[in-house]
Amino acid sequence: MPSSRVIIIGAGLAGLRCAVDLVAAGCDVTVLEARDRVGGRVWTHRFANGQWCERGAEFVDTAHSEVLALVRHAGLGLCDVSGGRSDTDRLLDLGGRQVPFGLHHSLGPDLGRWHEMLGELASRVDPADPTGGADAVDLDGSPLSALLAGADLSTIARVVIGREVRTEFMLGPQEISQLMAGWMTALHRRSGSGCEAYRVAGGNDQLATVLAEQLGSRVVLGTPVVWVEPDTGAVVLDTGERLQADHLVAAVPLPVLGRLWSDMPSALAAVSYGIGGKMSVQVGRRIWHDHGRDGSVLSERAWGDVWETSQGQDGDTGVLTALLSSHDGAAMVAIPGVADRVVGDIDRIFPGVGALAGERVVTDWTNDPYSLGAYACFGPGQLVPAWPLIRRRYGRMLLAGEHTDEWAGFMEGALRSGARVARDIARLT
């Protein structure tokens with residue numbers, strides 16, 4: 001019996017993992033990637049002296065079993081960053097002043113109360129089936145901002161929580177459903193103190209290159225798809241060439257898929273994605289240590305959140321990364337010269353950074369045509385109608401990607417989804 005031909009659109013972690021598993025199952029697989037690299041939103045930048053930073057997905061939790069298994073299989077290492085961004089070492093930048101978190105005595109109790117509220121929300125959501133609980137419809141229809149408005153919190157706590165929400169989801173509280181927030185909180189609690197515990201030593205994009213190396217010429221770069229026909233299993237390339245497959249796997253973000261698939265269900269097209277990007281700068285000396293700090297700053301400014309990305313990396317130089325999240329961040333990251341503006345702001349917090357600042361790296365995920373956003377963030381009324389559609393088959397096409405998995409928004413979810421779709425196809429071949 002001839003092997004089934006499978007075309008996978010997208011060479012991110014989801015598409016690559018799906019392809020590797022299908023090749024092992026005896027399928028004839030082709031992976032089409034529009035970019036000139038693999039990895040998708042997992043993209044590492046390497047500086048001339050060997051240090052690196054993550055332009056996209058950055059952290060690995062202790063509960064991310066698929067990522068950790070791939071790290072072990074590939075013989076890669078991990079940088080333990082679990083001690084970073086602690087409240088005892090980071091600064092709060094509000095109203096043009098920078099002070100340690102500990103000086104704001106109201107923050108501890110207020111943040112504790114907010115986390116209790118999120119914990120109660122998480123207890124009402126099954127992370128393996130977020131839409132299956134009795135409260136799912138009500139929680140899905142309610143924005144997270146309504147929960148925040150009902151809390152007896154100080155003004156400064158509301159500012160801090162608002163920024164933390166934007167850092168986590170890349171959108172503001174009014175654009176996030178309580179079901180989504182409870183779901184993600186439940187997942188984080190699986191990792192406990194191991195949340196955001198690791199980075200892959202040498203760069204996260206090695207996860208993608210390791211998978212791609214197993215596939216060889218089956219991965220075709222620089223090949224954008226402009227049209228898909230799920231019923232027939234056909235894809236049309238930007239050259240006009242038409243390819244035919246027994247099975248299609250769309251391993252691209254939903255906003256991108258919506259440009260390729262004319263009959264995409266409206267509930268899928270409505271799913272929100274976080275917006276914004278990152279700016280990283282290599283600094284000649286880790287001057288924040290001179291100030292007795294770890295480089296972490298939470299701010300009301302458009303760049304919002306700064307942390308050191310070079311923990312565990314050799315050298316006197318250090319790398320700071322600023323997250324430009326939600327609408328103000330997305331607007332700022334698109335401005336020419338944004339890196340210099342952010343470096344100037346950081347220099348006022350850690351004097352000397354400006355003089356020692358070297359290479360800057362800016363990544364705008366909102367305006368990247370092959371991403372059109374950071375990661376899935378289900379808004380009010382979106383998760384319950386979309387979830388059953390995300391896992392179903394459309395003619396010859398299945399969907400993969402972080403947005404289709406319980407670990408939505410994470411590298412773990414991307415790998416898991418690729419494995420799931422490969423199993424589904426293998427059962428039919």
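Closest heavy-atom contact between Ser417 and Thr404: CB-OG1, 3.2 Å. Minimum interatomic distance between Gly274 and Met170 (heavy atoms only, all atoms of both residues): CA-CB, 3.5 Å. The two residues Val333 and Thr363 come nearest to each other via the heavy atoms CG2-O, 3.7 Å. Between Gln174 and Pro143, the closest heavy-atom pair is O-CB, 3.7 Å. Closest of all the heavy-atom pairs between Ala357 and Val343 is CB-CG1, 3.9 Å. For the pair Pro230 and Trp261, the tightest heavy-atom approach, listed with the atom from each and the gap, is CG-NE1, 3.5 Å.
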key: Test log, rule side-chain contact (heavy atoms from CB on, under 4.5 Å), inputs Leu144 and Leu118   = CA-CA 10 Å; Leu144 185 59; Leu118 288 178; 4.3 Å; yes

inquiry  = Please evaluate residues Leu398 and Arg392 with respect to the criterion side-chain contact (heavy atoms from CB on, under 4.5 Å), reporting the C-alpha separation (whole Å), side-chain torsions for both, the decisive distance (0.1 Å), and the verdict.
reply    = CA-CA 7 Å; Leu398 287 165; Arg392 57 162 288 194; over 6 Å; no

request  = Give the intermediate values and the outcome of ring pair (Phe, Tyr, Trp, His ring centres under 6.0 Å) for residues His64 and Phe59.
outcome  = CA-CA 10 Å; His64 290 177; Phe59 296 104; over 10 Å; no

Criterion side-chain contact (heavy atoms from CB on, under 4.5 Å) on Arg393 and His247, from CA distance to verdict = CA-CA 10 Å; Arg393 174 177 286 272; His247 303 278; 3.6 Å; yes

inquiry  = Before you tell me yes or no, could you show the steps for Glu300 and Arg97 under salt bridge (charged side-chain N to carboxylate O under 4.0 Å, His left out), namely the whole-Å CA-CA distance, both residues' side-chain angles and the distance that decides it to 0.1 Å?
reply    = CA-CA 11 Å; Glu300 62 182 350; Arg97 299 181 61 216; over 6 Å; no

query = Do Trp114 and Leu147 pass the side-chain contact (heavy atoms from CB on, under 4.5 Å) test, and can you show the C-alpha distance, the side-chain angles, and the key distance before you say yes or no?
reply = CA-CA 9 Å; Trp114 173 247; Leu147 189 68; 4.1 Å; yes

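Side chains of Arg189 and Ser123: a donor-acceptor N/O pair is absent below 3.5 angstrom, by distance only. Counting only N and O atoms by type, the side chains of Asp93 and Ser299 include a donor and acceptor under 3.5 Å apart. For the residue pair Glu175 / Ser272, no side-chain donor-acceptor distance below 3.5 Å is found, with atom types taken as modelled. In the model, Arg199 has a side-chain atom that pairs as donor or acceptor with a side-chain atom of Gln311 under 3.5 Å. No side-chain N or O of Ser4 forms a donor-acceptor pair with one of Thr429 less than 3.5 Å apart. Side chains of Glu58 and Trp307: a donor-acceptor N/O pair is present below 3.5 angstrom, by distance only.
Note that the CG atom of Leu16 and the CG atom of Asp21 stand 11.0 Å from one another [nearest 0.5 Å]. For the atom pair CG of Asp110 and CG of Asp152, the computed distance is 7.5 Å after rounding to the nearest 0.5 Å. To the nearest 0.5 angstrom, Leu268 atom CG is 5.5 Å from Leu254 atom CG. A distance of 12.0 Å separates CZ of Arg17 from CD1 of Ile8, quoted to the nearest 0.5 Å. The distance from the CG atom of Asp340 to the CG atom of Asp347 is 11.5 Å, given to the nearest 0.5 Å. If you take CD1 on Ile275 and CZ on Arg166, they are separated by 10.5 Å, rounding to the nearest 0.5 Å.
The backbone N or O of Gly77 lies less than 3.5 Å from no partner atom in the side chain of Tyr198, so there is not a single donor-acceptor pair. For Arg163 (side chain) and Val159 (main-chain N/O), no donor-acceptor pair under 3.5 Å exists by modelled atom type. Distance alone, capped at 3.5 Å, places no donor-acceptor pair between the Thr131 side chain and the Val384 backbone. Checking side-chain atoms of Glu412 against main-chain N and O of Trp407 turns up no donor-acceptor pair under 3.5 Å. In terms of modelled atom types and a separation under 3.5 Å, the side chain of Ser142 and the main chain of Asp138 share a donor-acceptor contact. For the pair Gln313 (side chain) and Gly318 (backbone), a donor-acceptor distance under 3.5 Å is absent. Side chain of Lys278 to backbone of Thr321: no donor-acceptor contact under 3.5 angstrom is found. Side-chain N or O atoms of Thr223 include one that pairs as donor or acceptor with a backbone N or O of Leu221 at under 3.5 Å. Between the side chain of Asp89 and the backbone N or O of Asp294 there is no donor-acceptor pair closer than 3.5 Å. Formation of a donor-acceptor pair under 3.5 Å by the Arg286 side chain with backbone atoms of Ser310 is found in this model.
Counting heavy atoms from C-beta outward, Val225 and Ile7 have side chains that stay 4.5 Å or more apart. Counting only heavy atoms from C-beta outward, the side chains of Leu68 and Val60 approach each other to under 4.5 Å. Using a 4.5 Å cut-off on side-chain heavy atoms (C-beta onward), Leu153 and Leu148 make contact. Between Leu320 and Ile346, the closest side-chain pair of non-hydrogen atoms falls below 4.5 Å. Thr185 places none of its side-chain heavy atoms less than 4.5 Å from the side chain of Leu121. Two residues are said to be in side-chain contact when any heavy atoms from C-beta on lie closer than 4.5 Å; Val67 and Phe410 fail this criterion. The shortest distance between side-chain heavy atoms of Arg41 and Asp368 does not fall below 4.5 Å. Inter-residue side-chain proximity for Asp231 and Asp263 is flagged as unmet; no heavy-atom pair is nearer than 4.5 Å.
In this pair, Tyr273 and His403 present their aromatic rings tilted. The plane angle is within the 30 to 60° band. Trp365 and Trp43 have perpendicular rings, their planes meeting at more than 60° on a 0 to 90° scale where under 30° would count as parallel. Below 30°, between 30° and 60°, or above 60°: for Phe378 and Trp183 the angle between ring planes is between 30° and 60°, a tilted geometry.
Crowding of Arg259 atom CZ: a count of heavy atoms from other residues, nucleotides or ligands under 6.0 Å not exceeding 12. Within 6.0 Å of CZ on Arg158 lie more than 12 heavy atoms contributed by other residues, nucleotides or ligands. More than 12 heavy atoms of other residues, nucleotides or ligands shown are found within 6.0 angstrom of CZ on Arg427.
Under the side-chain hydrogen bond (donor to acceptor under 3.5 Å, both in side chains) test applied with Gln282, the options Arg360, Glu359, Gln51, His45 reduce to a single match, Gln51. A side-chain contact (heavy atoms from CB on, under 4.5 Å) with Gln178 holds for exactly one of Val125, Leu139, Asp135; it is Leu139. Between Asp205 and the choices Arg37, Arg55, Arg46, the salt bridge (charged side-chain N to carboxylate O under 4.0 Å, His left out) rule is met once, by Arg46.
Arg420 has no carboxylate O lying under 4.0 Å from a charged side-chain N of Asp405, or vice versa, which leaves the two without a salt bridge. Salt-bridge annotation for Arg90 and Glu164: present, with a side-chain N of the basic residue lying under 4.0 Å from a carboxylate O of the acidic one.
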